[in-house]
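Side chains are part of it too, since the values below use all heavy atoms of this structure and drop only hydrogens, waters and symmetry mates. These numbers come from a predicted model, not from an experiment.
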Amino acid sequence: MTDFAQTPSGPAAGPPSRGEAVTLARARLGAGGPLAAVRVADGRITHVILEQGDLTPTVAGERVLDLDGRVLLPGLWDAHVHLAEWAAARRRLDLSGTASARQVADRVRAHSRATDGARTVLFGYGIRDGLWGDAPHKRLLDAVLPDRPVALLSADLHAVWLNSACLALTGRGDHPTGLAREREAHEILAALPEAPAETVDAWVAEACRAAAARGVTGVIDFQFGDTVAAWERRSAQLPSAVRVSAAVYPDHLDAAIARGLRTGSEIGGPEGLIRVGPLKLFTDGSLNTRTALCHDPYPGMADTADSHGLEETSPDELVRIMRRAAAHGIEPAVHAIGDRANTVALDAFEAVRCRGRIEHAQLLSPEDLPRFAELGVTAGVQPRHATDDRDVADRHWAGRTARAFAYADLLAAGARLEFGSDAPVSPLDPWLGIASAVSRTDDDRPAWHPEQRLPVRDALAAAARGRRLVRVGDRADLVVVDVDPLTADPATLRTMPVHATMTAGGWTHGPYGTGERPGAGPR
């Protein structure tokens, strides 16, 4: 037994944490890394030392856990989720993969029969009408379910399809088609009955535990509404299994400023697990709804203003709001999908000269690629969208897909990439995004634009907010996996077996106990 020697990375720092220290012995230090022992105390990594032969460095009397050569990685983040929506979607009718409006209607009929004639709103999610040969219309849903309200969300959360009963419930009985997009869709969804807050909070807590089981130690929650208030309420009732950065929306910006909140301000949870996130702003819509703002018109549409997509916020207004937020320490996160929208967003960052993020960055002009690094703007991207939307992109961005979901080009240009799922647009599982970024396919087809594939190490770093290795002084947010990602085939990478997850020095998943800081006596 050998005492630790401090590694040259520097001393541990940070707030104290409850519980005893623990040594993680015989851990493979990163993908393809050497065996090492890692000591955790007070929520931080205090020592990292390479193991010599059979000797396990320890501090006398402290607990030692033998990881038996498993791979120890920095904890993973989902940098773009809608947590309450995802938590609800886990209980809703999944319509992903449906190929037509008629097929959706048939699924709705079958589901309603299986739920024995309930009269509550039947929610579904996951529809993608961008490739359908028939159009969603309220008459189709009325024919299969005339009396029960039906609300079906698009996979990208930018549209909702309702029957007449649901339209009447929201005061829109005269709606011509029952299909609403963008702002109208959000207004309709806000008017629908909601589950009680305590029910939603229980769903969210369960979803966070499920995320921890996939190696997630933190999320940026872009849930619509007063996300800060929702997480202040939750943190006072239940411990969170993950760190949360709660976004601010423009309707709540003044209140956040009045309270002196800044991006990174602690708002709840032990050791500051719950913090204020960025300000969410929109420049455009989405690809599937053909509202992503593009320099070129969508195929088959006359070259008018509408044929280029939707300008959600004018450039001048975007700069004004960003400048006000940045002046009070709140960093912007700007939704931009089309190439013109990304140019507008980057122009705004250049005008304001503040830190922040662009969310999605799906279609980019070549001249905008280096601007992310030049302006210090993080690209918050969702690699699963590249594989999910490849067919829609081939149709509606025909001739432009070489610069769509251009992760390799962004990385080569020096941009900082952070991966997310946009759950419920895709499942809250970082390994799905990692696998999509590495393979550029999630079915039997060849890679889509394989030149944009990322190496495994870069994909892991983007899923861990840039952290590549476990280092002394880092927060003890860790994930232990059973298979080395460098040697995993695409199927194994997608379904990576996660042995254990630790957040802030406490186990949130795995065989060592959860809900407490590590440490249960000596070895």
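A donor-acceptor contact closer than 3.5 angstrom links the side chains of T343 and D368. Looking only at atom types and distance, the side chain of D129 has a donor-acceptor partner in the side chain of N288 under 3.5 Å away. A donor-acceptor pair shorter than 3.5 Å cannot be found between the side chains of S439 and T441. Residues D142 and H137 have side chains that never bring a donor and an acceptor to within less than 3.5 angstrom of each other. Using a 3.5 Å distance cut-off with no hydrogens or angles, the side chains of D442 and S436 do not pair a donor with an acceptor. Side-chain contact annotation: D316 with S314, donor-acceptor N/O pair under 3.5 Å absent.
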Test side-chain contact (heavy atoms from CB on, under 4.5 Å) applied to H449 and T401, step by step: CA-CA 8 Å; H449 289 288; T401 54; 2.8 Å; yes

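Distance check, rounded to the nearest 0.5 Å: CG of L179 to CG of L162 gives 8.5 Å. Rounded to the nearest 0.5 angstrom, C166 SG and L145 CG are separated by 10.5 Å. In this structure, OG in S286 is found 5.0 Å from NE2 in H158, a value given to the nearest 0.5 Å. Atom CG in L428 sits 4.5 Å away from atom CG in D78 (nearest 0.5 Å).
Between H396 and Y298, the ring planes lie perpendicular to each other; the angle is over 60°, past the 30° to 60° tilted range. Under the 30°/60° scheme for interplanar angles, the aromatic rings of H360 and H80 are found to be tilted.
For the pair Q382 (side chain) and G380 (backbone), a donor-acceptor distance under 3.5 Å is present.
If you look at H82 and F224, their ring centroids are closer than 6.0 Å.
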